[in-house]
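Following: one structure in structure tokens, then a few remarks.
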Number of protein chains: 2
Amino acid sequence: MADVAAEAHVSVKTVSRVVNREPGVRRDTEQRVRGVIDRIGFMRHDGARILRQGRTQTIALVVEDLANPFYSQIGAAVEREARIRQHQLITASAEGSPTRERVVLEGLINRRVDGLVVVPAGERPATDPTVSASGTPIVYVDRPVRGEPCDTVISDNPGGVRSAVEHLVANGHRRIAFLGDDAEFWTARQRREAFVAIHDALGLPGDTRIAMGPHTVESLAPRLDAWSRERTPITAVITGNNRVTLNALHAMRQVGIEMGLVGYDDFELADLIEPAVTVVHQDPTSIGQKAVLQLFARLLGDESPAQTVVMPTRLIVRESGRLPASLRARKALP
Amino acid sequence: MADVAAEAHVSVKTVSRVVNREPGVRRDTEQRVRGVIDRIGFMRHDGARILRQGRTQTIALVVEDLANPFYSQIGAAVEREARIRQHQLITASAEGSPTRERVVLEGLINRRVDGLVVVPAGERPATDPTVSASGTPIVYVDRPVRGEPCDTVISDNPGGVRSAVEHLVANGHRRIAFLGDDAEFWTARQRREAFVAIHDALGLPGDTRIAMGPHTVESLAPRLDAWSRERTPITAVITGNNRVTLNALHAMRQVGIEMGLVGYDDFELADLIEPAVTVVHQDPTSIGQKAVLQLFARLLGDESPAQTVVMPTRLIVRESGRLPASLRARKALP
DNA sequence: TTGTATGCGTTATCAT
DNA sequence: ATGATAACGCATACAA
């Protein structure tokens with residue numbers, strides 16, 4: 001900028017005015033300055049600008065695994081919304097480790113990002129000293145944190161599970177099992193609890209059959225096989241997220257089991273598998289959008305109490321919820 | 001930092017030394033300073049540090065669509081490699097528009113990112129004035145740019161297509177069509193050209209049947225239907241990337257066609273579809289890793305001539321490459 | 001071992 | 001309409 005000023009025989013302040021389109025510059029001086037800028041290829045150093053103004057025009061997204069389609073769709077939405085608002089997005093992965101998450105968050109706060117969208121790893125308390133002390137607005141996504149209320153966007157897990165169970169029951173299923181992901185995850189636990197609640201509320205028979213992860217194809221195959229061979233065999237299973245659904249599908253294929261299935265999370269090609277998989281769909285794009293919306297409200301000075309937004313889920317009915325013909329005999333109960 | 005200095009009765013320089021673990025600080029002074037730091041919750045302002053040092057410890061990734069699994073896997077790999085090297089990653093999407101890409105790149109250069117990994121939109125010439133003038137190292141991924149040579153990581157498209165064709169031929173297919181994505185994409189054109197070359201080299205019969213995109217399920221269904229009803233019907237098709245593969249699968253299902261298929265790009269559940277889909281796999285993780293490796297070599301002062309790295313592809317044989325029984329009659333040719 | 005002065009490139013304040 | 005100067009928060013060079 002100093003170079004430009006010297007070359008154009010003006011002060012740096014005038015150059016600054018031109019660059020930032022501030023008023024108070026004569027037409028011809030502006031032309032002259034612009035000429036010099038183009039000629040020597042000047043580009044403003046945003047680092048210095050940031051230092052002076054205090055706003056980085058940057059927000060950050062911290063997730064567990066950027067390659068997981070659920071998170072990458074959230075990421076795409078967050079980037080888009082940020083870009084629309086002239087902000088850049090730093091993405092970071094904590095790889096599911098609370099320790100790494102703290103390191104990552106500290107790094108981002110040192111950078112003075114304007115705000116954070118975080119899928120919290122583990123059950124981190126909301127009062128993370130480093131974060132809360134910095135005053136950086138933060139919106140949690142997909143799972144809440146403990147402690148004092150924070151802005152949070154989650155999806156309606158109980159509603160999603162309920163729609164899954166009710167769909168299966170409507171199709172004649174009575175003995176339904178639940179395959180959740182690792183109980184370490186809040187979402188996994190919440191879905192399990194919802195399952196138990198609905199199961200009881202509908203008065204479904206028997207002790208609820210539930211297995212929490214982590215699951216692999218190898219662990220799932222014998223499990224499903226056993227459940228389908230018991231005295232009172234299950235006729236359907238609900239899988240707790242996309243990972244589990246995929247593994248369960250592989251396991252069923254491996255063992256050659258035929259049973260009802262409703263999966264949590266939609267996935268590409270769910271409709272091309274035989275039978276097409278009925279799923280509980282949560283819309284990652286909307287979740288990401290909503291989170292950014294809330295974040296920018298805070299950045300613009302919204303001081304209202306922290307709010308938790310629960311996004312609705314949608315049951316996408318395909319075929320896998322039906323009662324397989326081979327199991328229909330058992331349906332003839334009261 | 002000044003606050004800490006005042007509180008601890010030392011100079012800012014001493015605080016700086018403590019924060020950066022520089023030697024030359026007495027044990028007890030360090031303790032005292034650390035105490036103050038913890039007490040008042042001081043966090044170093046990296047923006048100022050950057051301004052002084054000139055390095056932002058940040059690289060950026062520019063892609064077309066962060067939600068596309070191919071790019072999100074590259075993104076995950078790039079983030080991971082960056083994090084290992086103490087760098088943060090800014091991700092940005094140009095949404096396939098060269099115009100937007102320029103805006104995005106300018107923004108990143110204003111931020112003085114240390115380096116760029118870019119999936120170029122369109123056929124942008126390498127000599128983008130803003131980028132090349134800034135001297136920011138840049139590695140192109142997935143498709144090359146025109147003009148003077150640049151560091152580039154692409155995958156072996158001709159090899160991938162050849163393995164697909166040869167596999168189909170080995171399974172008895174003779175009349176094979178190619179469904180490429182939009183010819184605007186370099187990869188789409190390169191794969192098409194490779195297909196034509198192999199087709200001719202193997203002396204396959206007839207004029208090569210090729211259709212470039214953009215394709216939809218609706219456009220694909222009649223096309224495939226027509227091709228399979230001609231006097232000399234095709235028995236197999238090669239799809240040019242994951243998008244086309246998905247649409248083609250849907251179209252086939254819709255029209256009820258049975259034909260051989262090899263898809264470009266592996267995808268989740270390819271093995272659960274009936275028949276399981278044989279694919280040409282390019283490893284996005286390796287591609288991302290390699291790109292970052294090259295970028296950091298440049299950042300560390302590597303001045304060697306620009307190099308283009310061609311990553312190998314791998315044919316994952318499943319079932320869809322076989323000659324369907326219904327078409328086997330036609331196989332009895334010389 | 002510790003401190004002082006200076007500068008990074010920009011914007012804000014207050015002049016002229 | 002334009003400019004001089006301070007300040008942002010830190011690191012660097014040099015001094016004590």
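Numbers restart at 1 for each chain; the letters A, B, ... are given by sequence-line order, proteins then strands. Please read these numbers as outputs of a predicted model, since none were measured by experiment.
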In residues 71-78 of chain A, what donor-acceptor pairs under 3.5 Å come from side-chain atoms, sequence neighbours left out?
{"from": "A/Tyr71", "atom 1": "OH", "to": "A/Arg143", "atom 2": "NH1", "distance (Å)": "3.4"}
{"from": "A/Ser72", "atom 1": "OG", "to": "A/Pro69", "atom 2": "O", "distance (Å)": "3.2"}
{"from": "A/Gln73", "atom 1": "NE2", "to": "A/Pro69", "atom 2": "O", "distance (Å)": "3.4"}

In numerical order, the residues of residues 3-16 of chain A whose heavy atoms come under 4.0 Å of DNA chain C are A/Lys13, A/Ser16
request  = Compare side-chain N and O positions of A/Gln53 against OP1 and OP2 of C/dA12 and report whether any pair is under 4.0 Å apart.
outcome  = yes
So, with a heavy-atom separation below 4.0 Å from DNA chain D, the residues of residues 107-115 of chain A are none
One should read off an interatomic distance between B/Phe42 CZ and B/Glu7 CD, to the nearest 0.5 angstrom, of 13.5 Å
Those residues at least two apart in sequence (or on a different chain) that pass ring pair (Phe, Tyr, Trp, His ring centres under 6.0 Å) with B/His87 are B/Phe296
I'd like a list of close polar pairs between nucleotides 14-16 of chain C and the protein, N/O only, cut-off under 3.5 Å.
none

Residues passing the salt bridge (charged side-chain N to carboxylate O under 4.0 Å, His left out) test with A/Asp28, sequence neighbours excluded, are A/Arg26
For residues 293-308 of chain B, the salt bridge (charged side-chain N to carboxylate O under 4.0 Å, His left out) pairs (sequence neighbours left out) are B/Asp151-B/Arg298, B/Arg298-B/Asp302
Against the side chain of A/Leu51, the closest entry in C/dG7, D/dC8, C/dT11 is D/dC8
Per the under-4.0 Å heavy-atom filter, residues of residues 30-49 of chain A near DNA chain D come out as none
Contacts of B/Arg189 meeting salt bridge (charged side-chain N to carboxylate O under 4.0 Å, His left out) (sequence neighbours excluded), chain-then-number -> B/Glu123
Sorted by chain and number, sequence neighbours left out, salt bridge (charged side-chain N to carboxylate O under 4.0 Å, His left out) with B/Asp46 holds for B/Arg44
Students should find that the end-to-end axis angle of the helix from C/dT1-D/dA16 to C/dT16-D/dA1, with five pairs defining each axis and rounding to 10 degrees, is 40°
Across all chains, not counting sequence neighbours, the side chain to side chain contact (heavy atoms under 4.5 Å, CB included) partners of A/Arg17 are A/Lys13, A/Glu22, A/Val25
